[in-house]
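Note that this is a predicted model, so its numbers are computed, not measured.
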Amino acid sequence: MNWHASMRWSAVAAVATAMLALPAASYAGRLVSQDEEERGEAVQTPRARNTGPERAVDLTNRQGRPTGTVDISTIPILQHVLPPQTYYTIDPTVQYDGYFYIFTVRDRAGREQTVKSVRRLVKLCHEINVTGHFKETDSGGHMAGAFNESAKGVGRGFVNIFRHPVATVKNAGSGAKGVAGRIGRMGRGAAESSDGQDLALLAKGPAGSERRTLAYQLGIDVYTESDAAKETLNAIARKRMAGRLPVNSAVFAMPGGIVFTLSLTPAGYDRTTEDIIRDNDPTTLLDRLGQSYETAFGFDVKNPDSAVGRLLDNGNFTPREQAYIQRYCMDMDGVDGVEQTLSFLSQASSPDYANIVTAQMELLSLLHQRARPLQRLVPVRNTVGAIGTDGTLMFVISIDTIRYWDDVRQSLDAAEAAARQEGARSIEIWSTGDVDSASIQECRNRGIRVMSNILSQETFRRPRDGAEGR
């Protein structure tokens, strides 16, 4: 990165950190109407005046974190992302806390799990469906019929589209750290299997290899938080290790193909990345990711204080999330600001936040490839923004609901300050979730364009194809 780019990043970081409450900018904006909100669309509207019925929404006295309950039928995003309710049910009363919904899920055995965020809900329900179907298929203890001899039935988007840089790394030894701090949050006791063992540790050694292979075949995450998936991985892996089940290298096929809901979008699931996760234990995977960052981007990974070093040492990310962050960086090849963004990601202070920013990278990569080419990534406050080639500062946020409160105002202040610093022509907010009328009004008053429920858009629903990510 050149000196000017470095200075520009420093200035933006300082502005974002200070969260300056500058006067509202006069950006020409677009925003959603109530019915268009359902469709994830936007229409051109003039800058709002401070008169008329729009002022009926009271923006005062909204300092505290919003909490409450809603009926699940009122959450539009779910109709676009939830897999069929074959082996699970969801409590219809859903809590919300700040920006996220909290769901209670039960499988057929009556086991109950609580998950925070739509993204984790979708992943959990997918894994319950897959393991439930697998158990029924394999109920007699036989693998025959459970696996398909070809990948044809795997479903849309499961294609090998490029050779991941990790696949070119032959030796992962020099400068590599040990397992401590590098196997992700699952190795730090944040999540355990049904028999009390850490899943990241279970992904190591011969038994770990079996579990990674089985997870790959089932189309689930070996670092899963699903109790049903952990139970299945452990039980079948033990049988395989004992020689009571044959080792099959084919891919398990759900009826009609695997529904790719390990991420928010079909294109967020990449077969080559899955191959890498399957073929490497956690420590080796992270070491190879470091070397491929050096090969592909020229980053200094041997320095433990480097952006990449700090990111890979952040145990709040699972090895799977780390692999996909690199995938999304590769998808945005040629976009400036990657190293600064990795430095920003390295500061993730919790598994929940690591999950959120990984999803943001996924959505930004799709926006860049399919809709709005990006010029530069710009971390602002607690999210990753990006300047498009048209001069728009865009924030693609993976949150469930925006209900106006003081934190929303602070985020908008920081966005405006960053836009001024970057010389952006306009600001856009793309949200995977719903946006309430008070937040829409606040954005209208500032001239900021808002799009909600964006996962209904073709940009985010189309599967990955062979032309992307090369």
S.K.: Establish, yes or no, whether the cationic atom of Arg106 lies under 6.0 Å from the six-membered ring centre of Tyr88 and within 45° of the ring axis.
M.R.: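 Geometry flag: not set, cation outside 6.0 Å or 45°.
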S.K.: Taking all non-hydrogen atoms of both residues into account, name the closest pair between Arg403 and Tyr96 and its distance.
M.R.: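 Taking every non-hydrogen atom into account, CD-CE1, 3.6 Å.
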S.K.: Between Phe103 and Val118, is the side-chain contact (heavy atoms from CB on, under 4.5 Å) condition met? List the steps.
M.R.: CA-CA 8 Å; Phe103 302 90; Val118 168; 4.0 Å; yes
S.K.: With distance as the sole test, does Ser431 use its side chain to make a donor-acceptor pair with the main-chain N or O of Gly433 at under 3.5 Å?
M.R.: yes
S.K.: Counting only N and O atoms by type, is there a donor-acceptor contact under 3.5 Å from the side chain of Ser411 to the main-chain atoms of Asp407?
M.R.: yes
S.K.: Given 3.5 Å as the limit, does a donor-acceptor pair link the side chain of Thr131 with the main chain of Glu127, or not?
M.R.: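 Yes, Thr131 side chain to Glu127 backbone: donor-acceptor pair under 3.5 Å.
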S.K.: Report yes or no: does Asn314 contribute a side-chain atom to a donor-acceptor pair with the main-chain N or O of Ala348 at less than 3.5 Å?
M.R.: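 Yes: the side chain of Asn314 pairs with the backbone of Ala348.
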S.K.: Apply side-chain contact (heavy atoms from CB on, under 4.5 Å) to residues Met332 and Leu377 and explain how you reach the verdict.
M.R.: CA-CA 10 Å; Met332 292 185 281; Leu377 298 177; 4.1 Å; yes
S.K.: For Asp287 and Gln291, which I'm curious about, is there any donor-acceptor pair between the side chains at under 3.5 Å?
M.R.: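 Judged by distance alone, the side chains do not pair up.
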S.K.: If you measure only the distance, is there a donor-acceptor pair under 3.5 Å linking the side chains of Asp71 and Ser73?
M.R.: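 Yes, a side-chain donor-acceptor pair sits under 3.5 Å.
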S.K.: Got Ile220 and Leu233 here, is their nearest side-chain heavy-atom distance under 4.5 Å?
M.R.: yes
S.K.: Within the structure provided, determine whether Arg119 and Glu362 are in side-chain contact (heavy-atom separation under 4.5 Å).
M.R.: yes
S.K.: Report yes or no: do Asp434 and Thr401 form a side-chain donor-acceptor pair below 3.5 Å?
M.R.: yes
S.K.: May I have the step-by-step check of salt bridge (charged side-chain N to carboxylate O under 4.0 Å, His left out) for Arg111 and Glu231, ending in yes or no?
M.R.: CA-CA 12 Å; Arg111 287 175 299 195; Glu231 179 183 274; 3.0 Å; yes
S.K.: Taking the side chain from Glu321 and the backbone from Pro351, do they hold a donor-acceptor pair closer than 3.5 Å?
M.R.: no
S.K.: Would you mind reporting whether His368 and Val335 have side-chain heavy atoms less than 4.5 Å apart?
M.R.: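 The answer is yes; the side chains approach within 4.5 Å.
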S.K.: On a heavy-atom basis, which atom in Lys230 and which in Thr224 lie closest, and how many Å separate them?
M.R.: CE-O, 3.2 Å
S.K.: Using the salt bridge (Lys or Arg N to Asp or Glu O under 4.0 Å) criterion, which residues pair with Arg310? Sequence neighbours excluded.
M.R.: none
S.K.: Return yes if some donor-acceptor pair links the side-chain N/O of Asp331 with the main-chain N/O of Leu366 below 3.5 Å, else return no.
M.R.: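 Absent.
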S.K.: So, does Ser398 use its side chain to make a donor-acceptor pair with the main chain of Ala359 at under 3.5 Å?
M.R.: no
S.K.: Are Arg120 and Asp352 within salt-bridge range, i.e. N to O under 4.0 Å?
M.R.: yes
S.K.: Val338 and Leu342: side-chain contact (heavy atoms from CB on, under 4.5 Å), yes or no, with the steps?
M.R.: CA-CA 6 Å; Val338 172; Leu342 296 182; 4.3 Å; yes
S.K.: Under the side-chain contact (heavy atoms from CB on, under 4.5 Å) criterion, do Gln457 and Arg462 qualify, and how do the steps go?
M.R.: CA-CA 9 Å; Gln457 296 186 11; Arg462 195 173 74 245; over 6 Å; no
S.K.: Taking Ala354's backbone N and O only, do any of them form a donor-acceptor pair with Thr358's side chain (distance below 3.5 Å, no angle check)?
M.R.: yes
S.K.: What are the two closest non-hydrogen atoms of Ile72 and Asp91, and how far apart are they?
M.R.: CD1-O, 4.4 Å
S.K.: Is the closest side-chain donor-acceptor distance between Thr284 and Asp281 under 3.5 Å?
M.R.: yes
S.K.: Flag this pair as yes if the NZ/CZ of Arg320 is under 6.0 angstrom from the six-membered ring centre of Tyr223 and inside a 45 degree cone about the axis; otherwise no.
M.R.: no
S.K.: Are any non-hydrogen side-chain atoms of Leu311 and Gln322 less than 4.5 angstrom apart?
M.R.: yes
S.K.: Just by distance, with hydrogens left out, do Tyr353 and Asn382 show a side-chain donor and acceptor under 3.5 Å apart?
M.R.: no
S.K.: What's the separation between atom CG in Leu393 and atom CD1 in Ile387, rounded to the nearest 0.5 Å?
M.R.: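 Separation between the atoms: 4.5 Å.
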S.K.: Minimum heavy-atom separation for Leu121 and Val115, please, with both atom names.
M.R.: CA-CG2, 3.8 Å
S.K.: What's the separation between atom CZ in Phe460 and atom CG in Leu367, rounded to the nearest 0.5 Å?
M.R.: 5.0 Å
S.K.: Assess the side chains of Tyr293 and Arg288: does a donor N or O sit below 3.5 Å from an acceptor N or O?
M.R.: no
S.K.: Distance alone, cut at 3.5 Å: any donor-acceptor contact between the side chains of Thr104 and Glu112?
M.R.: no
S.K.: Can you check whether Thr459's main-chain N or O pairs, donor with acceptor, with Arg370's side chain at less than 3.5 Å?
M.R.: yes
S.K.: For Tyr328, what residues pass the side-chain hydrogen bond (donor to acceptor under 3.5 Å, both in side chains) criterion, not counting sequence neighbours?
M.R.: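 For Tyr328, no residue satisfies side-chain hydrogen bond (donor to acceptor under 3.5 Å, both in side chains) once neighbours in sequence are set aside.
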S.K.: Would you name the heavy atoms of Ile77 and Asn453 that are closest together and state the gap between them?
M.R.: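 The answer is N-OD1, 3.9 Å.
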S.K.: Could you walk me through whether Tyr99 and Arg65 pass side-chain hydrogen bond (donor to acceptor under 3.5 Å, both in side chains), step by step?
M.R.: CA-CA 9 Å; Tyr99 295 112; Arg65 186 182 188 89; over 6 Å; no
S.K.: Measure the spacing between CZ of Arg381 and CG of Leu412 and express it to the nearest 0.5 Å.
M.R.: 9.5 Å
S.K.: Considering non-hydrogen atoms only, spot the tightest contact between Gln113 and Glu225 and give its length.
M.R.: NE2-O, 3.1 Å
S.K.: Say you draw a straight line from NZ of Lys123 to CG of Leu264; how long is it, rounded to the nearest 0.5 Å?
M.R.: 12.0 Å
S.K.: Under 4.5 Å between any side-chain heavy atoms of Val450 and Ile402, yes or no?
M.R.: no
S.K.: Just by modelled atom types, is the Tyr87 backbone N or O under 3.5 Å from a matching donor or acceptor in the Asn129 side chain?
M.R.: yes
S.K.: How many angstroms lie between atom OG1 of Thr69 and atom CD1 of Ile102, to the nearest 0.5 angstrom?
M.R.: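 One gets 11.0 Å once the value is rounded to the nearest 0.5 Å.
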S.K.: Assign the ring pair Tyr269 / Tyr324 to parallel, tilted or perpendicular, where the plane angle (0 to 90°) is split at 30° and 60°.
M.R.: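 The rings of Tyr269 and Tyr324 sit tilted, inter-plane angle from 30° to 60°.
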S.K.: Would you check if Phe395 and Gln360 make a side-chain contact, meaning some heavy-atom pair closer than 4.5 Å?
M.R.: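 Counting from C-beta outward, Phe395 and Gln360 never come under 4.5 Å.
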S.K.: Does some side-chain heavy atom of Trp430 sit less than 4.5 Å from a side-chain heavy atom of Ile397?
M.R.: no
S.K.: Hey, does Val435 have a side-chain heavy atom less than 4.5 Å from the side chain of Cys443?
M.R.: no
S.K.: For Asp270 and Thr273, does a side-chain donor sit closer than 3.5 Å to a side-chain acceptor?
M.R.: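 Result is yes, a qualifying pair exists.
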S.K.: Going from CD1 on Ile427 to OG1 on Thr392, what distance comes out if it is rounded to the nearest 0.5 angstrom?
M.R.: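 With rounding to 0.5 Å, CD1 (Ile427) is 9.5 Å from OG1 (Thr392).
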